[in-house]
*Asks:* 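Input: one structure, supplied below.
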Amino acid sequence: MSIIKLLPDSVANQIAAGEVVQRPSSVVKELLENSIDSGAKTIKLIIKDAGKTLIQVIDDGLGMNKDDLKKCFYRHTTSKIRNSKDLYSLETMGFRGEALSSIASVSHMSIISNQDANDSLGFEIKLDGGEEKSFDEIGSAKGTTISVKNLFFNIPARRNFLKSDNVELKHIIDEFHRVALINHNINFIFLNNNNELFNLSESIFKERIIRIFGKSTKQKLIPINEETDIAKISGFVFKPEYSRKTRSTQFFFVNNRFIKNSHLNHAVKTAYEGLIQDNLFPSYFLKINVPLNSIDVNIHPNKTEIKFDNDQSIYAILKSSIKHSLGQFNIAPTIDFNNNINLNTPYSFKDREASIPKVDYNQAFNPFENLTKPVDLKTKDFDFSNFDDSALQDHFNNELEILKTNSFPSFQLKSKYIITKTSSGIIIINQKRAHQRILYENFLKELSNKVNPIQTLLFPIKLDFNSEEIRMLKLIEAPLIHLGFKFNSFEPENIEISGIHPILNQNNVNELFQDFLKNKDYNQNNTVHTLNDLIAKLLAKYSSISSNESINVKLQESLVNDLFACKDPNVSPFGKLIFKLISLEEIIKIF
Ligand code: ADP
Ligand code: MG
């Protein structure tokens with residue numbers, strides 16, 4: 001006798017409901033998301049007894065016609081995908097077609113909908129535990145109203161499992177925050193037991209954050225802005241001193257959807273390293289936009305966890321952009337930036353002009369003029385055409401034009417240090433370390449670029465290695481090729497190199513490769529991020545100017561400006577101090 005049976009729909013839906021509907025807040029989330037997908041401009045959320053008695057969502061969106069209203073509460077009915085390909089190009093919040101069927105199966109539900117703004121009549125369907133009870137014409141404005149009453153009325157165990165009204169309300173408010181923050185272009189009204197908890201009108205992101213978390217939030221925010229081929233990151237983080245004991249103000253929105261991701265959270269946490277105590281959490285409101293086909297949102301029924309194709313790169317970009325903004329914020333009092341500073345970073349070279357901090361000086365005055373002895377620098381070291389960015393080139397040319405008439409107040413000491421002044425004191429910069437930092441960030445940027453220039457060698461370089469060394473070099477072959485290296489052959493005993501990165505001097509190639517091998521920092525288990533980091537560091541080491549090189553005042557200026565456009569101008573890629581500011585107060589104290 002066969003013992004395997006197909007489960008009745010009602011049971012299957014209740015099982016699915018266990019995944020989708022854990023508590024009233026899950027219903028709130030699903031209904032709000034459906035209203036957003038319907039294109040609503042205004043959404044009203046009304047709850048009674050923390051959602052245990054009633055959860056109602058009223059929207060002015062597209063609405064459903066009679067046929068759709070009769071279908072929408074069946075399992076796997078959705079208007080949002082047609083075929084499996086759509087799963088990878090999703091712009092909507094829903095797609096599983098599980099929410100309404102799941103919620104309907106464990107509640108008393110009513111859905112009123114009207115698709116026609118010129119018709120004051122719509123339809124209402126009533127369901128008990130997922131069973132249709134009535135279907136009638138009813139007066140209604142355009143849009144949809146869904147009411148969910150007596151959640152889990154037919155699963156007493158689940159109902160008993162619900163926490164106090166306070167706890168359940170807290171969950172609902174959390175869910176509301178997540179939806180309302182990112183959908184700041186929509187008006188939201190939220191009533192609990194007839195008390196208005198929120199009344200948010202359409203606004204920009206920053207204003208929405210302040211409206212939700214209070215006026216005092218305004219002074220805590222630092223803007224974040226970063227754009228690369230892989231991801232666009234924008235939003236705000238809290239200044240380190242406003243870090244909190246809870247994680248309740250940590251928000252990632254990927255392609256306009258709230259998500260949880262411990263890996264990205266770690267990236268933010270490490271960006272704050274040294275700035276906050278270990279037991280505190282930084283607050284953040286970050287939008288991450290990535291190409292639709294580079295993520296998988298389908299791994300969890302709640303759709304709050306996602307997988308990125310470029311996990312490691314996004315980690316690195318996120319960490320460095322936050323570090324950069326925090327750095328700008330810390331350094332701002334000592335070096336005067338333009339008022340309207342754009343916090344873009346060297347990753348986005350097209351906006352570079354706006355991100356270069358200007359060192360404050362009297363353009364007509366140059367007490368150091370007689371001290372400088374400009375000598376031409378080997379073109380390689382500062383050949384900006386290598387970056388293949390005409391905007392940057394133009395900018396650099398303009399800078400040179402200006403410099404022809406106004407000398408930059410800097411001079412070199414011992415062909416090793418650059419000394420310049422700011423409004424608040426004197427800065428002494430270790431030129432080699434500064435150049436290494438600039439190059440390091442450029443190499444990292446190039447590693448996330450699609451195409452990079454190449455310097456073809458007239459005579460290929462052949463290097464001998466043992467098989468273990470070849471195995472190690474294989475690990476970094478791909479990123480090196482990405483950076484402009486060309487390998488004619490990769491034999492078990494030797495490699496032949498016919499192209500190298502344009503900024504690298506070919507006399508240093510052998511030493512560079514020996515250094516790659518010396519480095520114990522990498523092995524097969526290393527992430528792309530660690531390998532890229534290592535390559536960028538060593539390339540910077542072998543391409544930078546030396547600590548015994550005269551450079552003219554124009555190049556001194558570009559070095560200073562490029563340094564302070566870096567994400568982390570404080571330390572070299574090898575963790576060494578790059579510059580020291582001697583403040584006016586310190587100088588006054590001396591005398
Ligand atoms: P999904 O959102 O995954 O498509 P749901 O079960 O949440 O699945 O909803 C099923 C369908 O019902 C949706 O695809 C949509 O066509 C329709 N629907 C649900 N809520 C609304 C709404 N507020 N306005 C218009 N249509 C809606
Ligand atoms: Mg949905």
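Indexing begins at 1, ligand by ligand and atom by atom, following the structure's order. Note that the numbering runs from 1 along the sequence shown for the chain.
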*Asks:* Please indicate whether any nitrogen or oxygen in Cys72 is less than 3.5 Å from any nitrogen or oxygen in ligand 1.
*Replies:* no
*Asks:* Does only the side chain of Ser38 get under 4.0 Å from ligand 1, or the backbone, or both, or neither? Count heavy atoms.
*Replies:* side chain
*Asks:* Can a salt bridge be assigned to the pair Asp116 and Lys142 using a cut-off of 4.0 Å between side-chain N and carboxylate O?
*Replies:*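 No, this pair does not count.
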*Asks:* Between Glu33 and Arg178, is the closest basic N to carboxylate O distance under 4.0 Å?
*Replies:* no
*Asks:* Step by step, would you call Ser283 with Val237 a side chain to side chain contact (heavy atoms under 4.5 Å, CB included)?
*Replies:* CA-CA 6 Å; Ser283 297; Val237 298; over 6 Å; no
*Asks:* May I ask you to check whether Asn34 brings an N, O or S atom to under 2.8 Å from the Mg ion (ligand 2)?
*Replies:* yes
*Asks:* Given 3.5 Å as the limit, does a donor-acceptor pair link the side chain of Arg208 with the main chain of Ile182, or not?
*Replies:*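 No, Arg208 side chain to Ile182 backbone: no donor-acceptor pair under 3.5 Å.
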*Asks:* So, does Glu30 sit close enough to ligand 1 that a heavy atom of it is under 4.0 Å from the ligand?
*Replies:*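 Glu30 does not count as a contact of ligand 1 under the 4.0 Å cut-off.
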*Asks:* Can you sort out which atoms of ligand 1 are near Thr78, meaning under 4.0 Å from one of its heavy atoms?
*Replies:* 1 (P), 4 (O), 14 (O)
*Asks:* Can you check which of Leu32, Ile58, Asp59 brings a heavy atom nearest to atom 23 (N) of ligand 1?
*Replies:* Asp59
*Asks:* Atom CZ of Phe285 and atom CD1 of Ile212: how far apart are they, to the nearest 0.5 Å?
*Replies:* 8.5 Å
*Asks:* Evaluate the side-chain proximity of Phe252 to Val268: yes if any heavy-atom separation is below 4.5 Å, no if none is.
*Replies:* yes
*Asks:* Got an N/O contact under 3.5 Å between Leu100 and ligand 1?
*Replies:* yes
*Asks:* Could you list the atoms of ligand 1 found under 4.0 angstrom from a heavy atom of Gly97?
*Replies:*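 Reading through ligand 1 atom by atom, the close ones are 1 (P), 3 (O), 6 (O), 8 (O).
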*Asks:* Within a distance under 4.0 Å of any heavy atom of Ala99, pick out the atoms of ligand 1 and give their elements.
*Replies:* 6 (O), 7 (O)
*Asks:* Given that the side chain starts at C-beta and the backbone is N, CA, C, O, which of these parts of Thr144 lies under 4.0 Å from ligand 1, counting heavy atoms, or is it both or neither?
*Replies:*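 Side chain only.
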*Asks:* Within the structure, is a non-hydrogen atom of Gly61 found at a distance of less than 4.0 Å from ligand 1?
*Replies:*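 The answer is no, since Gly61 has no heavy atom less than 4.0 Å from ligand 1.
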*Asks:* For Phe205, is the NZ or CZ atom of Lys287 found under 6.0 angstrom from the centre of its six-membered ring and inside 45 degrees of the ring axis?
*Replies:* yes
